[in-house]
Amino acid sequence: MPQLTKSAELLEKAKKFIPGGVNSPVRAFKSVGGTPIFMAKGQGAYMTDVDGNTYLDYVGSWGPFILGSMHPRITAALEHTLTKIGTSFGTPIEMEIEIAELLTQIVPSIEMVRMVNSGTEATMSAVRLARGYTGRDKIIKFEGCYHGHGDSFLIKAGSGALTLGAPDSPGVTKGTANDTLNAKYNNLESVELLVKENKGNVAAIIIEPVAGNTGVIPADKAFLQGLRDLCTREGIILIFDEVMCGFRVALGGAQERYGITPDLTTMGKIIGGGLPVGAFGGKREIMEHIAPLGDIYQAGTLSGNPLALTAGLETLKILRDENPYPELERKAACLEEGFRSNMEKLGLNYVQNRVGSMGCLFFTETPVTDYDTAVTSNLEKFGKYFHAMLDQGIYLAPSQFEAMFTSAVMTDEDLEKTVKANFVALQAAEK
Ligand SMILES: Cc1ncc(COP(=O)(O)O)c(C=O)c1O
């Protein structure tokens, strides 16, 4: 068991100045118990905490680190920008064109793009654009999907909101809540019904095309195609929120993997390579309605910031040049197989969902296809499993409802170590 003396001390100190001691709720270990670990250093697939314990990292800063931490090409590029260019100008810079052009080349739906500073900003802006463009107010989202902490999205939300048992947040006005309609993931009829009941009033349907905030739930291809057809028929803007699955399940994201093109796409996480970047983009005809070209307002003091864009641009170039996706698939499949074989040996039959290098072991035997089936998971067992993995130096997200990210820098030895740890942790979960 790792000794966490310094982490515990820092937590007490942090609690005096920061609500709950953390700057994002799911970091607090509230659903699994125990002390959140203060990290001191990251390198490749590993992190070392303030007490000197080292962990194999399957959180990857909640998604961005598909290439691990401190990739030498990214740190060299950052050093160059920091020492030779500058950290911010608040004017246009050439690098903004470079990343925008690259995005149009690699993400199928993107004809024009605007850079922002987080996934939340991207989704909030995309929804405003869809509303302004269509002149309609309502949006449809899916139970358990998380689109950041914008007011419109905190109705039956996933991720930390679900982990903390607060999927509907106080502070969201009734008016806003009324404009957000919730459908069931992988259930086209539930969407068709809402569209029918709100005929001519739905501006956008926003979806994680691989749901990663209720654990991992793959979308059925026919369901996504059904959404595409429905949106085209009804003049509704289809928004793929690829903040998590973008550049992760394929270079061009879920839209490339499934071969379905949304009208708008939101991006985050990997696009910043570990620095704060988000983006939204899509059809030229829609994007041209944003200020200063159009009258739908959207802005940001630090948007297109050179330091943040450097990390993102270099990450995207490495992904494009080195194509780590087949290897990521192999590595993640190897973990899935290893876990399955462990469960067979132990007479267990828990569900594993995986799309590329996003995976999730649910402590339920019910196939997980939506929110209702995800919440059949046994959270007490997950908590024991999480701590048993941690004790063996494997750092998983401290929630049943988050993804396990395999990174390109993980070695076969790392995977073997994880599978062995899984065997022990599964036993611990059953005690
Ligand atoms: C699918 C999805 N959309 C939006 C967000 C919000 O992004 P951020 O935390 O960068 O604001 C997240 C964050 O986890 C996400 O997973």
Side-chain angles (χ1 to χ4, degrees), residues 22-28 58-66 107 114-128 130 139 141-164 167 169 180 185 204-219 224 238-249 253-255 257 262 264-281 298 300 302-303 305 308-309 311-312 315 355-360 371 374 397-399 401-405:
V22 292
N23 277 316
S24 195
V26 79
R27 295 179 196 169
Y58 283 98
V59 178
S61 190
W62 300 92
F65 284 156
I66 191 167
V107 185
R114 167 125 328 151
M115 306 307 296
V116 293
N117 306 287
S118 69
T120 297
E121 262 190 79
T123 54
M124 280 168 27
S125 307
V127 162
R128 183 182 309 132
I139 61 163
K141 69 176 277 292
F142 293 85
E143 288 175 9
C145 278
Y146 180 68
H147 304 292
H149 65 92
D151 283 358
S152 309
F153 306 121
L154 291 179
I155 326 278
K156 286 220 168 188
S159 190
L162 176 57
T163 302
L164 299 178
S169 174
T180 300
Y185 203 80
I205 295 178
I206 183 165
I207 185 163
E208 289 180 72
V210 175
N213 287 289
T214 329
V216 173
I217 306 179
L224 287 183
L238 179 61
I239 306 173
F240 274 9
D241 180 357
E242 299 231 32
V243 166
M244 188 186 287
C245 57
F247 319 104
R248 165 68 64 182
V249 298
Q255 53 199 271
R257 198 167 170 123
L264 293 177
T265 299
T266 54
M267 293 157 280
K269 300 191 189 271
I270 290 175
I271 202 176
L275 271 80
V277 181
F280 65 101
Q298 190 283 327
L302 289 175
S303 296
N305 169 270
L309 286 198
T315 301
V355 182
S357 56
M358 287 170 68
C360 185
Y371 176 90
S399 164
F401 303 117
E402 298 287 349
M404 177 182 183
F405 297 110

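Both counts, for ligands and for their atoms, begin at 1 and track the order of listing. Only heavy atoms go into these numbers, but all of them, side chains included; no hydrogens, no water, no symmetry mates. The chain is numbered in sequence order, starting from 1.
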Glu208 neighbourhood, listing ligand 1 atoms whose heavy-atom distance to it stays under 4.0 Å:
1 (C)
One finds that the ligand 1 atoms under 4.0 Å from a non-hydrogen atom of Thr120 are 6 (C), 7 (O), 8 (P), 11 (O)
N/O donor-acceptor pair under 3.5 Å between Lys141 side chain and Ser152 backbone:
no
Can a side-chain donor-acceptor contact be found between Gln298 and Arg114 if the only test is distance below 3.5 angstrom?
yes
Proximity flag Trp62 to ligand 1, non-hydrogen atoms under 4.0 Å
no
Is any N or O atom of Asp241, backbone or side chain, closer than 3.5 Å to an N or O atom of ligand 1?
yes
Please check if the side chain of Arg257 supplies one atom and the backbone of Val249 the other of a donor-acceptor pair under 3.5 Å.
yes
If the cut-off is 4.0 Å to any non-hydrogen atom of Met244, which atoms of ligand 1 fall inside it?
16 (O)
Atom CD of Gln255 and atom CD of Glu242: how far apart are they, to the nearest 0.5 Å?
4.5 Å
Backbone N or O of Gly150 within a donor-acceptor pair of the Thr120 side chain at under 3.5 Å?
no
Heavy-atom nearest neighbour of atom 4 (C) of ligand 1 within options Met267, His147, Glu121, Glu242:
His147
Of the side chain and backbone of Lys269, name the one, both, or neither that has a heavy atom under 4.0 Å from an atom of ligand 1.
side chain
Non-hydrogen atoms of Phe153 and Gly148 that approach each other most closely:
CB-O, 3.9 Å
Is it the side chain, the backbone, both or neither of Asn213 that has a heavy atom closer than 4.0 Å to ligand 1?
side chain
